[in-house]
Amino acid sequence: QVQLVESGGGLVQAGGSLRLSCAASGRTFSSIAMGWFRQAPGKEREFVASINWSGGGTAYADSVQGRFTISRDNTKNTVYLQMNSLNPEDTAVYYCAAAQSGARKTRGDEYRYWGQGTQVTVSS
């Protein structure tokens, strides 16, 4: 069982930055892939970024490539999403997700555990 708690969301102006954190409980954190997804109002949930168990492999959605960076600290059971050059299209609830194996994954159905989400609002 893995429990996830996101933090770091908020209101930011276009061009600004935020760093999201996701704290995970459970002893398996260092062996599982983690991901970030987001859901904007009226839209389906979409993949944002993922990272493998060691942090050595990452993947990004085209819409955030070059602006967002996913990382993890296995000593702190925490995964991060650094978001730079934010624009209003990035406004959404951001969810942290944990898989059951170590390879990075990009589909929501490949993740077993989900956090409650944190709101990110980017004003123009």
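Heads up: numbering here begins at 1 and tracks the sequence. None of the values given here were measured: they were computed from a predicted structure. What's counted below: heavy atoms across the whole structure, side chains too, no hydrogens, waters or symmetry copies.
- For Ser30, the side chain to side chain contact (heavy atoms under 4.5 Å, CB included) partners two or more places apart in sequence, or in a different chain, are Asn74.
- In plain terms, the two heavy atoms of Ala33 and Ala103 that are nearest each other are CB-O, 3.1 Å.
- Partners of Glu6 under the salt bridge (charged side-chain N to carboxylate O under 4.0 Å, His left out) rule, at least two apart in sequence or in another chain, do not exist in this structure.
- Among pairs with a residue in residues 107-122, those fulfilling salt bridge (charged side-chain N to carboxylate O under 4.0 Å, His left out) read Arg107-Asp109, Arg107-Glu110, at least two apart in sequence or across chains.
- Within the structure, the disulfide bond (SG atoms under 2.5 Å apart) test picks out no pair touching residues 36-72 (sequence neighbours left out).
- Under a 4.5 Å side-chain heavy-atom cut-off, the cluster of Ile, Leu, Val, Met, Phe, Trp and Tyr residues that includes Tyr95 is completed by Phe37, Phe47, Val93, Tyr111, Trp114.
- Residue pairs meeting the salt bridge (charged side-chain N to carboxylate O under 4.0 Å, His left out) criterion with at least one member in residues 78-92, sequence neighbours excluded: Arg38-Asp90, Arg67-Asp90.
- Residues Thr106 and Ser50 approach most closely at CG2-OG, 4.3 Å, considering heavy atoms.
- Applying the salt bridge (charged side-chain N to carboxylate O under 4.0 Å, His left out) test to Asp62 and every residue at least two apart in sequence or in another chain returns nothing.
- A donor-acceptor contact shorter than 3.5 Å is absent between the side chain of Arg104 and the backbone of Ala49.
- Rounded to the nearest 0.5 angstrom, Ser21 OG and Arg72 CZ are separated by 13.5 Å.
- Residues passing the side chain to side chain contact (heavy atoms under 4.5 Å, CB included) test with Ser17, sequence neighbours excluded: Gln82, Asn84.
- More than 12 heavy atoms of other shown residues, nucleotides or ligands fall within 6.0 angstrom of atom CD in Gln39.
- Pairs engaging residues 20-124 under the disulfide bond (SG atoms under 2.5 Å apart) rule: Cys22-Cys96 [sequence neighbours left out].
- Under a cut-off of 6.0 angstrom, the local environment of CD in Glu46 is crowded, with over 12 non-hydrogen atoms contributed by other residues, nucleotides or ligands.
- Hydrophobic cluster membership for Val2: Leu4, Val12, Leu18, Leu20, Phe29, Ile32, Met34, Trp36, Val48, Ile51, Tyr60, Val64, Phe68, Ile70, Val79, Leu81, Met83, Leu86, Tyr94, Tyr113, Val120, Val122 (Ile, Leu, Val, Met, Phe, Trp, Tyr linked by side-chain heavy atoms under 4.5 Å, directly or transitively).
- With sequence neighbours excluded, the residues satisfying side chain to side chain donor-acceptor pair (under 3.5 Å) with Gln119 are Thr121.
- Looking at every heavy atom in both residues, Gly26 comes nearest to Asn77 through O-ND2, 3.2 Å.
- The hydrophobic cluster around Trp53 extends to none of the other residues, as no ILVMFWY side-chain heavy atom falls under 4.5 Å of it.
- Closest non-hydrogen pair, Pro88 versus Ser123, comes out as CG-C, 4.5 Å.
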